[in-house]
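Below is one structure, written out as structure tokens; comments come after it.
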Amino acid sequence: MEETSREAVATAVQRVAGMLQRSDQLDKVEQYRRREARKKASVEARLKAAIQSQLDGVRTGLTQLHTALLDVKDIQSSLANVSKDWRQSINTIENLKDVKDAVVQHSQLAAAVENLKNIFSVPEIVLETQQLVEQGELLHAHRKLMELECSRDDLMYEQYRMDSKNTSDMNLISIYFEEMLEGTVSTRIEGTQAVTRETDKMWLVRLLEITRKYVLDDLIVVKNLMVQCFPPHYNTFNRFFSLYHNAVSTRVKELTLEDLEANEIVSLLTWVLNTYKSVEMMGHPDLCSEFDINQLEPLLLQEVVDNLLSKYVKTFTSNITGWLRKALETDKKDWLKETEPEADQDGYYQTTLPAIVFQMFEQNLQVAAQIDGDFKEQVLKLCLKQMNSFLMRYREEVVAYKDEHLRDRQLPQCYIQYMIAIINNCQTFKESINSLKRKYSQSSDPFDSDAAIVRTLSEVVKEGCQFLLDEVFLDLENHLNDLLTRKWLTGSHAVDTICVTVEDYFNDFNKVKKPFNQEMTNEALRRVVVEYLKAVMQKRITFKNADERKDGAERMIKEAEQFKFLFKKLAAGENTDRLCGSITAIAEVIKLTDPTLLFLEVTTLVSKYPDIREDHIQALLAVRGDASREMRQMIIGTLSENKVSYSGTTQPIFKDITVPTITMTTMTTMTSMATAKLLK
């Protein structure tokens, strides 16, 4: 304060000094002096007041400290007295321990009596709550649940108040109430199991569907209505979710102990492995936002699943064997019908066997695909393995069908039509197998049974076509026997009949699918030509003179053209000219008028058909009737020295044609006759 006054005075002095520098302000000096004097007096008065106030505060503080000191001394004296009294009462408290225990026991008994009513009413309240939920009285059900919660909390509070460290009793109380909840869920699941196999063949499917619906509906109710009624730390939804999962798992394990049939095993596994975690059940959009289904333990152990799959495969194998056998027996009965088989949209004969077989395969593969991809592949392999065994039996039955027909060619009446259908079925089998593999297999690698299936199907087709051609040539047998005989030379119509008969049969063979029909036509042409050449090589006729050789050769050339025309009409293919040309080439050797040129003609024949053998040439020269022994030996010898190697680039014609053995006597007679003719 003193420094402030000094500063004020100094400031005033400076101001006055500044004023005195100007003459017009000298008359105001007195005025300034009085004003500054008043200010100084005011500052001094405030300074005195502040100092006096500080002195009064110090005086008051000293007085209060003195009073506090006296109070502390009084408290110390009181505490000393209390300590003295407490030490004197310790013995008295220890003597009252029995009384304390009695009070605690009395308190426990009083709490137990008070809560007995709530404890024994828990089952009844739970039952009433369940009934209310089922009746849709959710508010009343909630009130009942609140009563249970309150009873539990009261018991746990009493227990905690009496002995907070006794956790076993606390857990006991919690478990007591937690089990009427778990029991309710289990009862809910078991209540869906009223359907049995005795009352309904689809009992398991219905049971699983009811379970799915009940569980889903209940959990949606829990999520939408119950969760909001309880504190978050109760974790209500997750608790119910786990309870339902455990109850379903227990029930599913019980079902695996049943003597389940194959279709029931698949229904159960499909439900367990796929439906359970799908959007149709536990993975429903309303539920998956609250719980991660990937945290759920599997309903069944993998070992149990594998055992069920193994049992299914064993049962399926047995069943499909029976199904295939029954399907084949049914098809065999159709083979004996007096009406023609059905035709497909393109007009080709067929039976229902392929459709029945692959419908069975398709159904089982669809079922297997519902379980998982690996099992689907396993079932597909099993189907193909069974298919191979089935086709082997199919082949045996086709052969037996043919053998039975040969005992009486009038029966069955539609033998040819059903043999055609059998051949066409093989193509359908092949296409259906490829379709199944494309649809149900992820792998492009061949299956173990593929080669065997293809081989068996090819054999059935080949033999079936052979049986049909055998039927043709059985009817042609007498006419083929007339070829190259005296009867033939004098005007037999054997070839005309052969052509008409073949064409008539092939009108029916048009019902054979094209790949096989083409092969049959080619084979029919080959067999006709081979039979014709056999007639030459069997030396059924020996021409007596040049006129007969000319007539016979011209007839052979004409008939070769007939065969060529017929089989081109039947679309035999590119080998028509070559096969029919072999008859023409033989005819040219027979037609030759100058025996000295035989070697050149025979050489030309051999160059065109290098598979022709020496015995064929000898037989051909014998049919001519004018070749001496020396000429035949010269021709054969020269051909042997200049033998044309057969490369095998074209299918042989003469390879399978046998020549009857000629005895020495026959050779001598033929040589004498030829010599006599030459001398004439």
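When a residue number appears, it is its place in the shown sequence, counting from 1. For clarity, every value in this text was computed on a predicted model and none was experimentally measured.
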Keeping [X] on the side-chain end and [Y] on the backbone end, is there a donor-acceptor pair under 3.5 Å?
X	Y	value
Arg540	Leu483	yes
Glu548	Lys544	yes
Arg555	Leu484	no

Whether the [X] and [Y] side chains hold a donor-acceptor pair (N or O, under 3.5 Å, no angle test) is what I'd like checked.
X	Y	answer
Glu342	Thr352	no
Glu614	Gln618	no
Glu471	Tyr505	no
Asn388	Ser449	no
Gln302	Asp306	yes
Glu261	Thr315	no

> Hey, does the Lys NZ or Arg CZ of Lys376 hover above the aromatic six-ring of Tyr440, less than 6.0 Å from the centre and inside 45° of the axis?
Replying inline: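 Verdict for Tyr440: no cation-pi partner in Lys376.
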
From [X] atom [atom1] to [Y] atom [atom2], the distance as rounded to the nearest 0.5 Å:
X	Y	atom1	atom2	result
Asn319	Tyr312	CG	OH	8.5 Å
Ile617	Leu605	CD1	CG	7.0 Å
Met520	Gln466	CE	CD	9.5 Å

>> ring pair (Phe, Tyr, Trp, His ring centres under 6.0 Å), that's the test. Do Tyr394 and Phe429 meet it? Break it down for me.
In response: CA-CA 12 Å; Tyr394 189 57; Phe429 279 132; 5.8 Å; yes

Closest non-hydrogen atom pair between [X] and [Y], with its separation:
X	Y	result
Gln378	Val313	NE2-CG2, 3.6 Å
Tyr348	Asn510	CE2-O, 3.6 Å
Asp611	Lys655	OD2-N, 3.2 Å
Arg624	Arg549	O-NH1, 3.0 Å

>> Set out, in order, the CA-CA distance, both residues' side-chain angles and the distance that settles salt bridge (charged side-chain N to carboxylate O under 4.0 Å, His left out) for Glu396 and Arg393, then state yes or no.
In response: CA-CA 5 Å; Glu396 293 172 357; Arg393 292 194 300 272; over 6 Å; no

> Hey, is CG on Asp346 packed in by over 12 heavy atoms from elsewhere, all under 6.0 Å?
Replying inline: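 Yes, enclosed.
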
>> Do the side chains of Lys439 and Glu362 get close enough for a salt bridge, i.e. N-O under 4.0 angstrom?
In response: yes

> Under the salt bridge (charged side-chain N to carboxylate O under 4.0 Å, His left out) criterion, do Lys569 and Glu503 qualify, and how do the steps go?
Replying inline: CA-CA 9 Å; Lys569 180 179 179 182; Glu503 185 172 9; 2.5 Å; yes

> Yes or no on salt bridge (charged side-chain N to carboxylate O under 4.0 Å, His left out) for Asp334 and Lys337, after CA distance, side-chain angles and deciding distance?
Replying inline: CA-CA 5 Å; Asp334 290 343; Lys337 287 182 177 179; 3.2 Å; yes

>> Quick one, Asn481 with Glu477, criterion side chain to side chain contact (heavy atoms under 4.5 Å, CB included). Give me CA distance, side-chain angles, the key distance, then yes/no.
In response: CA-CA 6 Å; Asn481 289 334; Glu477 186 174 7; 3.9 Å; yes

Check the orientation of [X] and [Y]. Use parallel for under 30°, tilted for 30 to 60°, and perpendicular for over 60°.
X	Y	answer
Trp488	Tyr532	perpendicular
Phe509	Phe506	perpendicular
Phe654	Tyr609	perpendicular

